[in-house]
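Read the structure below first, then the notes.
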Amino acid sequence: MAPTSSAPARVKGQGQWKLGHREPLNPNERAKRDDDALNVRTRIENIYAKRGFDSIDPSDLRGRMRWWGLYTQRRPGIDGGRTGALEPDELDDRYFMLRVRLDGGAVTTEQLRAIGEVSQTYARDTADVTDRQNIQYHWIEIESMPAIWKKLEGLGVLTTEACGDCPRVILGSPVAGVSADEEIDPRPAIDTIIERYIGSTEFSNLPRKFKSAISWQQDIGHEINDISFIGVNHPEHGPGFDLWVGGGLSTNPRIAERLGAWIPLDEVPDVWAGVVSVFRDYGYRRLRHRARIKFLIADWGPEKFRQVMEDEYLGRKLIDGPAPVTVERAIDHVGVHRQKDGLNFVGVAPASGRVSGTTLVAVADAAERAGSARVRFTAQQKIVVLDVADAELDTLTADLNMLGLQAEPSTWRRNTMACTGIEYCKLAIVETKERAIRLVEDLEKRLADVVPDAPVSIHLNGCPNACARTQTADIGLKGQIVTDAAGNQAEGFQVHLGGGLGLDAGFGRKVRGLKVTSAELGDYVERVVRRFAEQRTEDERFPQ
Ligand code: SF4
């Protein structure tokens, strides 16, 4: 019988544990409940690596293995027009993408050499620098995993929780500890979080992925992470961190909210755990597309979120604090810059983050020849060599240049990023990485006579998931199948114009109806940039 209008409305639970909403479970939640995802490590080593790909349990293959950085890559030869029409197993290749988490983007040259050698031995020499400071390999066979872990973990390099519904890599300033602009080096807080919580079952079952960023400087996109701590000076308490929660992109982009709290360095790990605990216990688990923390913040608002965290998890009030002074654009650290100790750091730009194992080994060698033992990756897919003496700069930059890593790149090379795309990603609709590399080369020729006095960022994404931040670019490109001038279906992009981080952080406006085919991309960007360069007034950012 249909309910009468006077019957009380049934409130459907959102899958919030703390409110007792534990049923019904979607398949992802069921898999996580049935067996903690971290436990798959034992099965990989003891069963799957010995018996091969066909022995892998499907719920491990498409679920739990992610907690150790493993995703099946896309089977070659399936075009983007068919991506959504196929069952997941029809897209699965028998090879894996493996993500190595590099918290704060930091490696020693010894670690970097090992990361490169793993690629040479087990990954067909593939390596991409991601915009979350990770390294991503492709073509990994399950049989190789024990040897890969032995080599990487033996040097302290982890793939633990590099993917999955858990705390992923923590973004940090690539120049933490050396920058003259930094008042607090946040690395001790990052180290403590890794030590206490990564690989622990306390946070291995979150509603969805959880992205963190901790930096004194505004170089990690604090507006678009699930949680960010960004440097700020409190008028009474001095330097500390301002806490932001609930940012994210994908199909429902949202700028993070400030909770209005000032956090001293030694309290960052506890407050981080407090925020993650609220998300774990109150996050929405019923519908996967609403399971990120941004939906909870949107419903609760920052005041309620802070109050629940203080009352139920921290057991104390946080100190109110001021907002940080916003920089004009997110800082990318490309070029040669003086460190606070008188040495230099050198930031170089691979085209759209694509390198190789051989290149990484060569970077480690070049850095060591220049007297450096430390390299960092940036959230803009760049590489930074630290601790270089003045006398070594020319040789190092020449060595890196020979590897295609320029310290003085064109604005196009410097500001173009691309996600993984159809080459390996099962969700992709279009090709991105090689397209971006060709676009950069093309624009360097086409626009050799135009030097924009404001950088123009171009982000290519293979689908709406926006892994390369479609909405925060001056020209954001979202992959889709479009109709070309001859009426044929072709790979192309929906265009978003005028996004950005830093001052006026906001999301690009989707230009209604404006779609370009991949083949037309060079023409399109040239047209837009020339028009902008001609019409730009002083202080104007890219057209919105
Ligand atoms: Fe894959 Fe889409 Fe993310 Fe690109 S944006 S890596 S295509 S999921």
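Start at 1 and go down the list; that is how both ligands and their atoms are numbered.
- For atom 4 (Fe) of ligand 1, the nearby protein N/O/S atoms, meaning those under 2.8 Å, are Cys419 SG.
- Taking the six-membered ring for Trp and the full ring otherwise, the centers of Tyr284 and Phe295 sit at least 6.0 Å from each other.
- Scanning for side chain to side chain donor-acceptor pair (under 3.5 Å) contacts around Trp300 gives an empty result, with sequence neighbours left out.
- Ring planes of Trp149 and Trp68: perpendicular class, angle over 60° (limits at 30 and 60°).
- Among residues two or more places apart in sequence or in another chain, the salt bridge (Lys or Arg N to Asp or Glu O under 4.0 Å) test is passed with Asp60 by Arg43, Arg64.
- Although no hydrogens or angles enter the test, the distance criterion places no donor-acceptor pair under 3.5 Å between the side chain of Asn225 and the main chain of Ile227.
- With sequence neighbours left out, the side chain to side chain donor-acceptor pair (under 3.5 Å) criterion links Asp131 to no other residue.
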